[in-house]
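To start, the structure itself, in C-alpha cells.
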Amino acid sequence: MNKTLLHGIVAGLLTALASISYLMLYESILYVDFSQILNVGSVGGASIISGLLIAAGYLILEKMNKEKWKGGLNVLIILLSFLSILGPISISLPLEIDFPELFPGLAIPMHFFPALIFFGLQPFFLKKT
Amino acid sequence: MKTTTQFTLAGLILLLSAFTLNNSINWEISQGHSIKFSGTDAEGIFKTMTGDITFDESNIDSSQFSFKIDVNSINTGNGMKNKHAVSSKWFDASNHPSIQFESNKFSKTDKEYLVTGLLEIHGIEKEITIPFSFINNSFVAKFSINRLDYKVGNTKGMNNKVSNEIKLDVTIPVTSK
C-alpha cells in the first residue's frame, strides 16, 4: 500500500480514537449531552475522512512532483484548522440542548486533532530517498 | 323528615357546585410550557416561568393572569449569545432579572380571547393586548412586541442586525388546582 495513503488511514483512525475518547470523557466529566450534534459515529467518520483528506493533499503533490510544496500544504492545513473553529463558536444548537456554552470546549480541540496527529506521525512514514 | 332530606340534598348540590366552580377557574402551570421568541438573527426560548392563572371561560371578567419569566433562563442555542443576551447591552438580567405580565382586563372575540395587561421587560412597563386561545387545557398565544419599546438592545452597529419586531410564541399547558 502507498505509504502516504497508509499514513492518512492510520492518522484518521488515531484521530477517531482520540476524538471519541475526548468526547466520552468531556460528556461524563461535565454531565452534558451533545449527542444530537456530536456522537461516536459522526466524530469517528469525520476523523477518518480528515486523515484521508490530508493524505490526498500529499498524494496530489507527489503525483505532481511538487514535494517541496509540502511545507506550504502543512501551513494551509494549520490555517484551515484555525478557521474551522468559527463553526463551533457561531453554531446555534437545537434549543432543547442544555449548556450550549460548553459546546465550543468540546468541539474546538477536536478541530486540531487531525493535523496534530497527522504531523506527529510523519517521522514514521518518511520515504527513503 | 322529607324537608330535612331536601335541605341536605340542596346543601350537597351547593357544596359540589362550589368545588366544580373552583376547579374550573384556578389553574396550575404544567411541565412542557414553552416561550419561544424569534426575529431576524435572534431566536430562542425562556425555560423558566412561574405564574398564577385564574381563568373561567364562562366568566372571563373574573379571570386573572400573573406571570414571571426568569431572564437568566434564556437559551438561544449558543452559549456566548446567551451571555450576551443577559448582559447590560440587552436584558440587563442583573438589574432586571424577570419579565412580568399582570392582566387587567379580559374580553372575547368570535375566534379567541384577548387579555390586556402590563408587560414589564427590562424594567419598562407597557400596556399590551395579547390574543390567546384555550384549547385542551393549554393557553396558546402568538403575538409580537417591539424590543425598542422596552429598550432591549438598540439599533447601533451590529445590534441593527436583530429585527426590532420580535415574535413570541407561548404555550402554557395547565392542570386544574
Side-chain angles (χ1 to χ4, degrees), chain A residues 18-47 50 78-116, chain B residues 29-49 69-91 93-94 97 99 138 140-142 147 152-153 157-163 166-173:
Chain A
S19 301
I20 290 166
S21 305
Y22 180 61
L23 170 72
M24 294 171 93
L25 278 170
Y26 192 91
E27 289 196 330
S28 62
I29 290 168
L30 294 175
Y31 303 107
V32 288
D33 179 13
F34 296 117
S35 58
Q36 272 190 59
I37 314 292
L38 294 178
N39 50 52
V40 171
S42 64
V43 167
S47 299
S50 62
I78 292 165
L79 271 175
L80 289 175
S81 300
F82 269 104
L83 286 174
S84 70
I85 68 173
L86 290 173
I89 288 172
S90 59
I91 192 175
S92 286
L93 303 181
L95 297 174
E96 63 272 19
I97 294 179
D98 288 326
F99 309 113
E101 63 275 14
L102 295 178
F103 183 73
L106 171 65
I108 288 173
M110 287 185 190
H111 283 230
F112 292 100
F113 288 176
L116 192 71
Chain B
I29 298 171
S30 311
Q31 291 290 317
H33 58 263
S34 152
I35 306 150
K36 292 182 186 168
F37 61 89
S38 60
T40 310
D41 228 36
E43 196 174 344
I45 53 169
F46 288 99
K47 292 193 283 188
T48 310
M49 77 171 297
I69 297 165
D70 180 10
V71 172
N72 282 302
S73 73
I74 193 169
N75 185 15
T76 61
N78 183 300
M80 279 183 283
K81 277 189 185 173
N82 290 353
K83 275 192 176 175
H84 198 49
V86 298
S87 74
S88 58
K89 302 239 178 203
W90 291 90
F91 282 101
S94 55
I99 293 169
S138 270
V140 178
K142 290 175 198 284
R147 67 181 175 90
V152 176
M158 296 297 276
N159 289 357
N160 204 22
K161 283 179 75 182
V162 178
S163 56
I166 303 292
K167 287 178 187 162
L168 288 148
D169 193 340
V170 181
T171 304
I172 305 171

Interface moiety of [X] toward chain A, non-hydrogen atoms closer than 4.5 Å:
X	value
B/Lys81	side chain
B/Lys36	neither
B/Asn82	side chain

Let me confirm one number: the CG-CD1 distance from B/Asn75 to A/Ile97, rounded to the nearest 0.5 Å. 9.0 Å
Say you draw a straight line from NZ of B/Lys83 to CD of A/Glu101; how long is it, rounded to the nearest 0.5 Å? 7.5 Å
Where B/Gly77 and A/Pro100 come nearest, the two heavy atoms and their spacing: O-CB, 3.4 Å
Other residues, nucleotides, ligands: >12 heavy atoms within 6.0 Å of A/Phe99 CZ: no
So does A/Phe112 have more than 12 non-hydrogen atoms from other groups sitting under 6.0 Å from CZ? yes
Using only non-hydrogen atoms and a strict under-4.5 angstrom cutoff, which residues of residues 89-96 of chain A touch chain B? A/Ile89, A/Ser90, A/Ile91, A/Ser92, A/Leu93, A/Leu95
